[in-house]
Q: 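Mind having a look at this structure? Questions to follow.
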Amino acid sequence: MSGSNSYRLRCSLPAHEMDVRGLAAAAYPDGAFVSVSRDRTARVWVPNPSENQVFTEMHCMNGHSDFVSCVCIIDPNETYPRGLIATGGHDNNICVFSLDRPDPLFTLKGHKNTVCTLSAGKFGTILSGSWDTTAKVWLGEKCMMTLQGHTAAVWAVVILPEQGLMLSGSADKTIRLWKAGRCENTYTGHEDCVRGLAVINEVAFLSCSNDASIRRWMVTGECVQVYYAHTNYIYSLAVFPNGQDFISTGEDRTLRVWRKGECSQTIRLPAQSVWCCCILPDGDIAVGASDGVIRVFTESEERVASAQDLQAFEDELSKAIIDPKTGDLGDIRIEDLPGREHLNEPGNRDGQTRLIKEGSNVEAYQWSVSDGRWVKIGDVVGGSSQQNSKRVMYEGKEYDFVFSIDVNEGGPGLKLPYNVTDDPWLTAHNFLQKNELSPMFLDQVANFIIENTKGHTLGPAPATSTDPFTGAGRYIPGSGSGDQGFAADPFTGAGRYIPESGGSTGTVSSGGADPFTGGSAYSSSSLPKATTNIFFPSTDGVMFEQANSTQILGKLRELNNTAPADRKLSDAALDCLQKLLLVVTDLKSQEQPTAEQINVLWRTSHWPEDIVFPVLDILRLAVRHPEVNAQLCGGTEGASLCNHLLGLMSPESRPANQMLALRILCNCFSGSHGRALLLGHRDTVLSRAGDLRVVSNKNIHVALATLVLNYAGRLYGQPTEIEAKAQCLSVASTALEVIHDKEAVFRLLVALGTTVAGDSTAKDLARSLGVNSQISKYVRVSDPAKVGECCRLVLDELQ
């Protein structure tokens with residue numbers, strides 16, 4: 001902040017025809033800012049060099065077919081040295097504009113409801129939040145990933161300075177922390193809808209809520225301070241460059257300035273809803289409100305408005321109509337109020353409010369520290385003793401009722417004036433038409449008017465009136481085990497059957513030994529240093545192929561003897577499985593698996609989970625065979641196989657079965673039917689597989705890393721599959737946070753390298769997710785040397 005002076009009006013801009021819903025300081029020109037409005041436009045405002053106090057409209061942008069509700073600025077880059085402007089609206093779209101044309105460069109489509117919040121990050125990343133309960137990450141013209149987890153509208157999003165960390169605030173009262181597309185933490189404490197978020201620094205942020213509180217959080221999860229001063233919904237926050245002081249705006253008609261944790265100044269505005277705010281480069285504050293006006297406040301004496309403009313602002317404020325039911329002033333009994341003499345006593349703090357009785361009227365005054373006097377901020381109507389004696393003034397006319405109708409899923413948005421002599425159906429029709437709402441609400445609104453005016457002849461509607469759009473007088477948001485690992489031997493008893501635990505063969509580009517086959521087959525001395533990349537892109541797929549057929553069959557027969565009677569296999573069925581296993585493990589065999597053998601294998605794979613593992617091991621080997629791959633992975637059978645394996649990978653499943661299910665999925669990539677199946681179910685498979693990163697077992701980690709690698713290999717050379725690549729980056733990145741086994745780390749590094757190789761968009765996304773800083777620690781790994789060498793090559797790709 002520039003100092004400790006009070007903020008005073010710099011200028012008032014009658015900027016828009018309807019509510020100003022979003023503001024953002026622009027990257028260009030110097031001192032400029034952007035506003036968006038329910039009038040469907042976005043406008044760029046620049047300081048007027050001839051008049052120090054005033055801003056001039058430089059540019060107007062149109063692209064939305066409905067109200068525009070949010071805006072953010074994308075930093076300048078080589079292609080767009082002036083930066084870009086992104087806006088979100090009620091048409092469910094995000095429009096991206098440059099400063100040299102009025103129509104969008106491109107439009108981002110994907111949300112299923114209003115886009116109500118935007119935040120821009122490094123490398124052109126955009127984070128959006130919507131009433132459809134999701135947040136989405138965009139890069140260029142593509143959606144990289146969708147963040148799912150909130151149960152109500154996402155009203156606020158922000159990208160934190162640490163790459164890869166994102167926050168979302170929701171009407172479900174929670175805030176979620178996301179890293180590489182996964183929810184890492186959920187913050188609870190607010191008692192109502194979370195409306196705004198603002199970054200303090202790399203480790204702390206602020207949130208504001210409909211519960212009239214502001215909270216300061218550590219990224220680690222602790223709420224370290226709660227700030228109270230607002231008397232109604234708080235809509236927006238902005239932090240000063242010093243990272244300590246901030247501003248807030250809300251439904252109590254105020255802008256509040258916070259210094260050193262205290263509300264140091266309260267500025268009231270002649271508009272009910274102060275929707276948005278931003279801090280300009282010179283330290284001035286811009287706010288947008290429901291009257292369509294942008295007001296800029298300054299600490300600088302050089303930029304303060306003229307005495308005439310200051311008086312006009314004060315006069316406008318004094319004529320405001322205050323409804324105590326909005327929460328500003330509480331219940332009022334006019335007979336208990338003091339007279340004008342009460343204003344002879346100075347106030348105790350800036351922004352302090354006093355009510356006085358002036359004849360039969362109630363007037364509200366606010367103490368101004370900078371002026372040393374009480375400033376009138378409006379006339380109060382609707383006090384408890386006035387319910388039947390005072391009509392409500394709205395847009396210069398008196399009405400018996402002025403209802404607050406919430407169509408914005410939070411906070412009063414639209415006013416519906418009504419006199420008891422009016423026709424409720426005509427009033428409802430005019431209200432819908434004026435606000436461009438669907439005619440299907442006609443009956444709903446008309447019946448609402450009829451129901452809430454029964455027995456009333458004068459005075460505003462009771463506070464308990466039911467909003468026809470939300471079912472409540474005010475917006476009310478929705479209602480508000482460790483995984484078991486297993487030791488080196490995942491099964492019981494020495495010398496008993498154990499599924500193979502090492503990596504198996506896989507093909508990489510020529511030029512050196514196969515880096516996937518383990519230390520005995522890999523020698524770093526045989527590899528060129530840095531100049532030749534033998535690691536990625538790896539596109540042939542890595543399979544788990546080693547097996548001991550004798551031990552598998554022995555364990556199968558042993559467990560069959562103890563199986564429940566209704567699940568016990570006949571000798572013929574056992575013979576089928578034995579013949580199938582011999583066929584699929586003998587690469588020279590001319591025999592083909594029979595339909596009966598494949599059918600028995602499929603049925604037996606549904607054995608009880610405590611005895612099914614040898615059957616899963618046979619299935620792992622069998623899906624590599626073209627015939628089995630085609631039969632089990634094609635058509636409806638493929639979907640059944642995929643669902644069955646997903647069930648075996650559930651968190652409560654046995655670790656041995658989780659590992660074998662992962663290996664089966666990896667081996668499915670050996671055939672065209674399996675590849676098609678897994679690409680079609682990619683989102684679900686990778687999501688479930690990624691959850692297994694927390695299981696403390698290196699075999700599971702190696703299988704997980706291999707599955708990500710196989711997906712990356714299939715996506716290589718397909719720049720249009722950026723959302724799929726984004727998921728590979730996300731799963732690999734989050735897995736690297738908890739996985740320590742060097743072979744698994746190596747395969748994840750190869751997966752990362754394969755994902756970004758030859759794809760500039762994927763590289764930008766990886767950078768924005770912080771992959772560079774995350775993997776840099778592996779550069780120093782020399783045992784095995786392939787980890788450090790592969791890491792260096794991935795970092796080179798991301799330069």
Side-chain angles (χ1 to χ4, degrees), residues 1-13 15 20 23 33 35 53 55 196 198 208 212 214 227-240 245-260 262-280 282-301 303-307 309-322 326-329 347-354 364-378:
M1 295 178 69
S2 58
S4 57
N5 298 325
S6 294
Y7 276 88
R8 302 171 70 192
L9 182 72
R10 174 176 175 179
C11 62
S12 295
L13 305 173
V20 180
L23 292 168
F33 64 90
S35 63
Q53 300 88 356
F55 287 79
C208 64
I214 299 168
Y227 307 90
Y228 294 104
H230 283 278
T231 58
N232 209 320
Y233 298 173
I234 307 174
Y235 294 135
S236 68
L237 295 163
V239 178
F240 284 102
D245 303 322
F246 59 94
I247 58 176
S248 58
T249 67
E251 183 65 20
D252 58 5
R253 308 194 309 147
T254 68
L255 158 68
R256 297 181 189 256
V257 182
W258 301 79
R259 291 185 173 100
K260 298 179 180 179
E262 300 291 335
C263 181
S264 64
Q265 186 179 2
T266 300
I267 301 173
R268 291 189 181 266
L269 283 83
Q272 180 63 57
S273 305
V274 190
W275 292 115
C276 52
C277 62
C278 74
I279 296 169
L280 303 180
D282 58 9
D284 288 0
I285 299 168
V287 296
S290 53
D291 59 0
V293 177
I294 299 169
R295 295 175 177 87
V296 182
F297 297 89
T298 184
E299 287 184 303
S300 169
E301 288 295 331
R303 297 193 294 271
V304 171
S306 65
D309 288 344
L310 289 173
Q311 187 60 51
F313 175 68
E314 186 174 323
D315 291 345
E316 186 181 15
L317 189 63
S318 70
K319 296 174 183 176
I321 302 299
I322 302 174
T326 63
D328 289 24
L329 306 171
N348 299 320
R349 56 179 172 79
D350 190 77
Q352 180 183 356
T353 302
R354 280 185 178 174
Y365 286 79
Q366 177 179 287
W367 179 251
S368 170
V369 170
S370 58
D371 294 341
R373 64 189 179 94
W374 292 97
V375 178
K376 185 179 178 183
I377 59 172

Q: Kindly compute the distance separating SG (Cys208) from CZ (Phe246), expressed to the nearest 0.5 Å.
A: 10.0 Å
Q: Do any N or O atoms from the side chain of Asp284 and from the backbone of Ile279 form a donor-acceptor pair under 3.5 angstrom?
A: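 Side chain of Asp284 to backbone of Ile279, a donor-acceptor pair under 3.5 Å: no, none is there.
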Q: Side chains of Ile234 and Arg256: closer than 4.5 Å at any heavy-atom pair?
A: no
Q: Does the side-chain contact (heavy atoms from CB on, under 4.5 Å) test come out yes or no for Ile285 and Val257, once each step is laid out?
A: CA-CA 10 Å; Ile285 299 168; Val257 182; 4.2 Å; yes
Q: To the nearest 0.5 Å, what is the distance between CG on Leu310 and CZ on Arg8?
A: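 So the CG of Leu310 and the CZ of Arg8 are separated by 5.5 Å.
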Q: Indicate yes or no: at least one non-hydrogen side-chain atom of Cys263 is less than 4.5 angstrom from one of Tyr227.
A: no
Q: Any side-chain heavy-atom pair from Ile247 and Phe240 closer than 4.5 angstrom?
A: yes
Q: Would you say Thr298's side chain and Ser300's backbone share a donor-acceptor pair under 3.5 angstrom?
A: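 Side chain of Thr298 to backbone of Ser300: a pair is present.
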Q: Do the non-hydrogen side-chain atoms of Arg295 and Pro270 ever get within less than 4.5 Å of each other?
A: yes
Q: If you compare all heavy atoms of Trp258 against all heavy atoms of Ser248, which two are closest, and at what distance to 0.1 Å?
A: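 In terms of heavy atoms, the two residues are closest at NE1-OG, 2.9 Å.
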Q: Is any side-chain heavy atom of Arg10 closer than 4.5 Å to a side-chain heavy atom of Asp282?
A: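 Yes, at least one pair of side-chain atoms sits under 4.5 Å.
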Q: Find out whether Ile267 and Val287 are in side-chain contact, i.e. whether some heavy atom of one side chain is under 4.5 Å from a heavy atom of the other.
A: no
Q: Taking the side chain as everything from C-beta on, heavy atoms only, tell me whether Ile294 gets closer than 4.5 Å to Phe33.
A: yes
Q: Applying side-chain contact (heavy atoms from CB on, under 4.5 Å) between Thr266 and each of Gln366, Arg253, His230, report the one that passes.
A: Gln366
Q: Taking atom OH of Tyr7 and atom CD of Glu299, what is their separation to the nearest 0.5 Å?
A: 4.0 Å
Q: Which atoms form the tightest heavy-atom contact between Cys278 and Ala238, and what is the distance?
A: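 Nearest heavy atoms, Cys278 then Ala238: CA-CB, 4.3 Å.
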Q: To the nearest 0.5 Å, what is the distance between OG on Ser264 and CG on Asp245?
A: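 Ser264 atom OG to Asp245 atom CG measures 7.5 Å (nearest 0.5 Å).
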Q: Mind checking whether Phe313 and Phe297 have parallel, tilted or perpendicular rings, split at 30° and 60°?
A: perpendicular
Q: Could you state the interatomic distance from OG (Ser368) to CD (Gln265), rounded to the nearest 0.5 Å?
A: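 Spacing of OG (Ser368) from CD (Gln265) equals 7.5 Å.
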Q: Hey, are the side chains of Val20 and Cys276 touching, using non-hydrogen atoms and a 4.5 Å cut-off?
A: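 Yes, side chains in contact.
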Q: Roughly how far, to the nearest 0.5 Å, is the CG atom of Asp291 from the CD atom of Glu316?
A: 6.5 Å
Q: Answer yes or no: is there a donor N or O on one side and an acceptor on the other, between the side chain of Asp252 and the main chain of Thr231, under 3.5 Å?
A: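 Yes: the side chain of Asp252 pairs with the backbone of Thr231.
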Q: Can you name the closest pair of heavy atoms from Phe55 and Cys11 and give their distance?
A: CD1-SG, 3.8 Å
Q: When you look at CD of Gln311, are more than 12 heavy atoms from neighbouring residues, nucleotides or ligands closer to it than 6.0 Å?
A: yes
Q: Which heavy atom in Ala212 sits nearest to a heavy atom in Tyr228, and how many Å separate them?
A: O-CD2, 4.1 Å
Q: Okay, side chain of Gln272, backbone of Glu251: is any donor-acceptor separation there less than 3.5 Å?
A: yes
